[in-house]
Amino acid sequence: MFEIECKNPDEIILTTKKTSIKFNVAEQTIDANLNVGKIYGPGEFEIGDVAIRGLPTGERTAYEAVIGNVHIGIIGDNEEAAMLDELGVSDVLCTSSVRAVREVEPKVVIAMGNVDGMVTELKTTPRAEKKYKLKNFEALPPTLDVVALT
């Protein structure tokens, strides 16, 4: 089981039983309170029970985190075609990009940034939550679920 929180439009926090990791898409950082400090930019990392891939996208970095067998894309408003191809399948997508949602086709969207504009274009109603909790892959919804974290 893990939880996803969003403290501001640029940050996503993943929390598992073993660790808590903050992804900041604006600063391109990963912060897990490690002795070495924050991790910057692209690369492959394992922190606790989370496998992370930082994807270079021109001047920015997008992230893919895998917990168990659930793939989580953390891309913010980034919608570069090459990055979306590199990201591949995401079960949960943290974004404000409607284009990314349509191309990646996740089961769950964690809305970052302009939630109203996103749900209008996707013709859906967001579910407001403080935290999004997911037990495992089998607990993913069968159709698109948009979550606005407050």
Side-chain angles (χ1 to χ4, degrees), residues 1-113 115 118 126-150:
M1 181 171 134
F2 64 90
E3 297 176 346
I4 301 175
E5 294 178 82
C6 185
K7 298 291 185 184
N8 70 51
D10 295 323
E11 288 182 353
I12 291 291
I13 301 168
L14 297 180
T15 305
T16 68
K17 289 181 181 179
K18 295 182 179 180
T19 191
S20 180
I21 305 168
K22 183 190 311 181
F23 296 84
N24 187 310
V25 293
E27 295 176 1
Q28 304 179 65
T29 61
I30 300 170
D31 187 358
N33 293 319
L34 301 172
N35 291 337
V36 296
K38 293 180 182 180
I39 298 170
Y40 294 88
E44 293 188 17
F45 320 97
E46 273 195 39
I47 302 173
D49 49 354
V50 182
I52 301 167
R53 211 170 41 121
L55 309 169
T57 61
E59 297 177 12
R60 299 175 58 191
T61 303
Y63 299 98
E64 176 189 39
V66 180
I67 302 171
N69 55 353
V70 178
H71 292 256
I72 304 155
I74 304 166
I75 64 172
D77 63 359
N78 194 338
E79 55 185 29
E80 291 184 29
M83 182 275 305
L84 293 174
D85 288 343
E86 178 78 20
L87 181 64
V89 176
S90 286
D91 304 306
V92 178
L93 187 62
C94 304
T95 187
S96 61
S97 167
V98 172
R99 176 182 174 196
V101 172
R102 289 186 173 139
E103 287 192 29
V104 175
E105 298 179 341
K107 294 288 186 184
V108 177
V109 172
I110 303 298
M112 300 174 73
V115 175
M118 174 185 277
R127 198 164 41 95
E129 302 279 343
K130 288 197 179 286
K131 297 178 182 179
Y132 179 74
K133 297 178 182 182
L134 187 63
K135 187 173 183 177
N136 55 31
F137 182 81
E138 289 75 25
L140 286 165
T143 59
L144 180 64
D145 188 13
V146 178
V147 179
L149 298 176
T150 56

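Owing to the predicted nature of the structure, the values given are computational and were not obtained by experimental measurement.
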Could you give the distance from [atom1] ([X]) to [atom2] ([Y]), rounded to the nearest 0.5 Å?
X	Y	atom1	atom2	answer
L14	I72	CG	CD1	5.0 Å
L144	E105	CG	CD	10.0 Å
T150	K7	OG1	NZ	10.0 Å
E64	I52	CD	CD1	10.5 Å
I67	N136	CD1	CG	12.0 Å
L84	E79	CG	CD	7.5 Å

Closest non-hydrogen atom pair, [X] against [Y]:
X	Y	result
A111	M118	CB-SD, 4.0 Å
I75	A62	CG2-CB, 3.7 Å
E11	N24	OE2-ND2, 3.3 Å
M112	D10	CE-C, 3.9 Å
G41	T61	CA-OG1, 3.6 Å
G48	T19	CA-CG2, 4.4 Å

Between [X] (side chain only) and [Y] (backbone N and O only), is there a donor and an acceptor less than 3.5 Å apart?
X	Y	answer
T95	G76	yes
S90	L93	no
K22	I12	no
E3	I13	no
D91	H71	yes
Y63	Q28	yes
D145	V147	no
D31	N33	yes

Worksheet item: Can K17 and D49 be counted as an ion pair, charged N to O under 4.0 angstrom?
Response: no

Worksheet item: Taking 4.0 angstrom as the limit, do R53 and E44 come out as a salt bridge?
Response: no

Just so I know, are the side chains of [X] and [Y] near enough to count as touching, which here means a heavy-atom distance under 4.5 Å?
X	Y	value
I39	L34	yes
T15	K131	no
N78	V25	no
V70	F2	yes
D77	R60	yes
V115	V146	no

Item to complete: Could you pull out all residues at least two apart from R99 that satisfy side chain to side chain donor-acceptor pair (under 3.5 Å)?
Response: E103

